[in-house]
Amino acid sequence: MKTIKNINTFAICLPFVLLLTYPIFKELAFILALYSTMLTGFLQFSIGVKMLIDNPHDRALQTYMAVVASFFILWLINHRLNYNHFLTYILFPTPLLLAIYLSSIIYKKPNQ
């Protein structure tokens with residue numbers, strides 16, 4: 001569990017660390033920070049899958065995976081609808097909320 005907490009902390013801190021280099025690298029730092037949020041999402045999704053495999057009856061992890069699946073399904077539907085404003089406004093904050101939710105699940109679990 002300690003390794004998972006360390007990976008999650010790295011994934012969350014990476015975009016902020018890249019933004020700190022803005023005075024040196026200017027726009028490149030901003031672009032890399034935006035791209036690193038995708039890496040954060042991938043790492044968190046991978047952590048969520050691993051934790052769900054280890055604890056298949058954990059309701060919080062099941063909820064996390066259901067919301068992740070719903071996010072991507074709605075994203076596909078939104079693309080098919082040529083980006084409906086209502087769906088876009090729903091989808092925009094969802095990755096941030098998912099990151100906060102999974103982090104709260106991870107940090108509430110005791111070290112093993």
Side-chain angles (χ1 to χ4, degrees):
M1 194 66 188
K2 187 176 180 180
T3 304
I4 289 175
K5 287 181 182 180
N6 289 338
I7 291 171
N8 188 59
T9 302
F10 168 77
I12 290 174
C13 292
L14 181 62
F16 297 111
V17 169
L18 289 173
L19 275 179
L20 289 176
T21 65
Y22 183 79
I24 300 167
F25 296 111
K26 305 293 182 207
E27 290 81 22
L28 179 63
F30 186 69
I31 292 168
L32 289 175
L34 287 176
Y35 279 129
S36 71
T37 60
M38 289 187 282
L39 177 63
T40 298
F42 175 74
L43 287 172
Q44 284 206 322
F45 176 73
S46 300
I47 289 170
V49 168
K50 191 233 181 279
M51 289 176 67
L52 188 63
I53 289 171
D54 292 344
N55 299 320
H57 300 294
D58 188 341
R59 299 298 277 169
L61 292 171
Q62 291 173 351
T63 302
Y64 172 77
M65 285 301 169
V67 175
V68 168
S70 299
F71 170 76
F72 283 107
I73 290 168
L74 283 175
W75 189 19
L76 181 63
I77 291 170
N78 196 24
H79 175 70
R80 300 274 183 191
L81 295 174
N82 291 322
Y83 295 99
N84 178 286
H85 290 296
F86 180 72
L87 279 178
T88 302
Y89 292 135
I90 290 173
L91 292 174
F92 186 73
T94 304
L96 175 63
L97 296 174
L98 283 168
I100 293 168
Y101 183 62
L102 183 66
S103 294
S104 69
I105 293 170
I106 291 171
Y107 293 114
K108 285 182 183 177
K109 297 229 182 249
N111 283 340
Q112 296 172 349

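Treat the numbers as computed from the prediction; the structure is a model and nothing was measured.
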How would you list all residue pairs meeting side-chain hydrogen bond (donor to acceptor under 3.5 Å, both in side chains) that involve residues 14-27, not counting sequence neighbours? none
Where at least one partner belongs to residues 63-78, residue pairs that pass side-chain hydrogen bond (donor to acceptor under 3.5 Å, both in side chains), sequence neighbours excluded: N78-T88
Who else is in the cluster with L97 when I, L, V, M, F, W and Y are joined by side-chain contacts under 4.5 Å? none
For R59, give me all partners under side-chain hydrogen bond (donor to acceptor under 3.5 Å, both in side chains), at least two apart in sequence or on another chain. Q62
Pairs where residues 44-58 contributes a residue and the test side-chain hydrogen bond (donor to acceptor under 3.5 Å, both in side chains) is met, not counting sequence neighbours: N8-Q44, Q44-S103, K50-D54, D58-K109
How would you list, by chain and number, every residue that makes a ring-ring contact (aromatic ring centres under 6.0 Å, His included) with F30, sequence neighbours excluded? none
List for me each residue that meets ring-ring contact (aromatic ring centres under 6.0 Å, His included) alongside Y83, sequence neighbours excluded, and say none if there are none. H79
Using the test side-chain hydrogen bond (donor to acceptor under 3.5 Å, both in side chains), find all partners of T9 that sit at least two apart in sequence or belong to another chain. Y107
Can you name the closest pair of heavy atoms from A29 and L18 and give their distance? CB-O, 3.4 Å
Report the hydrophobic cluster partners of L96, with the cluster defined as I, L, V, M, F, W, Y residues connected by side-chain heavy atoms closer than 4.5 angstrom, directly or transitively. I100
Residue set satisfying salt bridge (charged side-chain N to carboxylate O under 4.0 Å, His left out) with K5, at least two apart, ordered chain then number -> none
Rest of the hydrophobic cluster containing Y35 (Ile/Leu/Val/Met/Phe/Trp/Tyr, side-chain heavy atoms under 4.5 Å)? I31, M38
Return the set of residues passing side-chain contact (heavy atoms from CB on, under 4.5 Å) with I90 (not counting sequence neighbours), or none when no residue passes. F86
